[in-house]
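Below is one structure, written out as structure tokens; the observations come after it.
From a predicted model like this one, the values you see are computed outputs, not experimental measurements. Residue numbers begin at 1 in each chain, while the letters A, B, ... track the order of the sequences. For the numbers below, each heavy atom of this structure counts, side chains included, while hydrogens, waters and symmetry mates do not.
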Amino acid sequence: MPAPEFWLFKTEPSVFSIEDLEKSPGKTAPWEGVRNYQARNFMRDQMKKKDLGFLYHSNTKETGIYGIVEITKEGYPDAFAFDTNSNYFDPKSKKENPTWYMVDVKLVRKFKKPVLLKDMKEFPQLREMKLLQKGNRLSVMPVSKIEFDFIKSLSQ
DNA sequence: GCCAACGTTGGC
DNA sequence: GCCAACGTTGGC
């Protein structure tokens, strides 16, 4: 069995927050609406059941990591892309050949206090982290095991 | 609300 | 295939 990999999921809390995930049935929800090819490839091709990820709040007052999620369902077509009533509708995605994929994530732990972006920037151990690279806009990205463990150790 | 950085689109 | 124009992301 391959070693688990680690991920980071960005979300705007005004759209979908960690509290929303906590309130979802089984604390589990599909990670729909990703419309970027690189991020899609991670979800479609690389994420495995039991992989862990951070849940990150962007575009908010306190940007940072708010908790840990687990992949409970591997990549499958994002049906919201087929729904003309959805904000995530995309006419180029066809049911017989879907463009967009999603995974299901389950909340494992909500931190008592978030690990804030501004604090992460201070640690030399995290200097290489993808999230912190200038201009990075990926909404789903890999995190190294070392970074994952380090940030976990900072959390409460 | 501003704006830099980036991804996508579409004319040619 | 190039690249300008446009739209979006996301920190501040």
Reading nucleotides 2-11 of chain C 5' to 3', which nucleotides get B (base under 4.0 Å from a protein heavy atom), which S (sugar-phosphate only), which -?
-----BBBBB
So, using side-chain hydrogen bond (donor to acceptor under 3.5 Å, both in side chains) as the criterion, who are the partners of Trp31(A) when residues are at least two apart?
none
Please enumerate all residues that pass side-chain contact (heavy atoms from CB on, under 4.5 Å) together with Asn36(A), with sequence neighbours excluded.
Gln38(A), Ala39(A), Leu138(A)
According to side-chain contact (heavy atoms from CB on, under 4.5 Å), who are the partners of Lys92(A), at least two apart in sequence or on a separate chain?
Tyr37(A), Asp90(A), Thr99(A), Trp100(A)
With sequence neighbours excluded, residues passing salt bridge (charged side-chain N to carboxylate O under 4.0 Å, His left out) with Glu62(A)
none
What donor-acceptor contacts under 3.5 angstrom involve side-chain atoms of residues 74-84 of chain A, with partners at least two apart or in another chain?
unit_1   : atom_1 : unit_2    : atom_2 : d
Glu74(A) : OE2    : Lys49(A)  : N      : 2.9
Tyr76(A) : OH     : Asp104(A) : OD1    : 2.5
Asp78(A) : OD1    : Phe80(A)  : N      : 2.9
Asp78(A) : OD2    : Gly33(A)  : N      : 2.8
Asp78(A) : OD2    : Arg35(A)  : NH1    : 3.0
Asp78(A) : OD2    : Arg35(A)  : NH2    : 3.2
Asp83(A) : OD1    : Asn85(A)  : N      : 2.8

Can you give me every donor-acceptor pair (side chain of residues 148-156 of chain A, partner residue at least two apart or in another chain, under 3.5 Å) with its distance?
unit_1    : atom_1 : unit_2    : atom_2 : d
Asp149(A) : OD2    : Lys145(A) : NZ     : 3.0
Ser153(A) : OG     : Phe150(A) : O      : 2.6
Ser155(A) : OG     : Arg109(A) : NH2    : 3.1
Ser155(A) : OG     : Lys152(A) : O      : 2.6

Under the salt bridge (Lys or Arg N to Asp or Glu O under 4.0 Å) definition, can you give me all pairs with a residue in residues 111-135 of chain A, not counting sequence neighbours?
none
Scan residues 81-92 of chain A against DNA chain B and write down, sorted by residue number, each residue with any heavy atom closer than 4.0 Å; if none is found, say none.
Lys92(A)
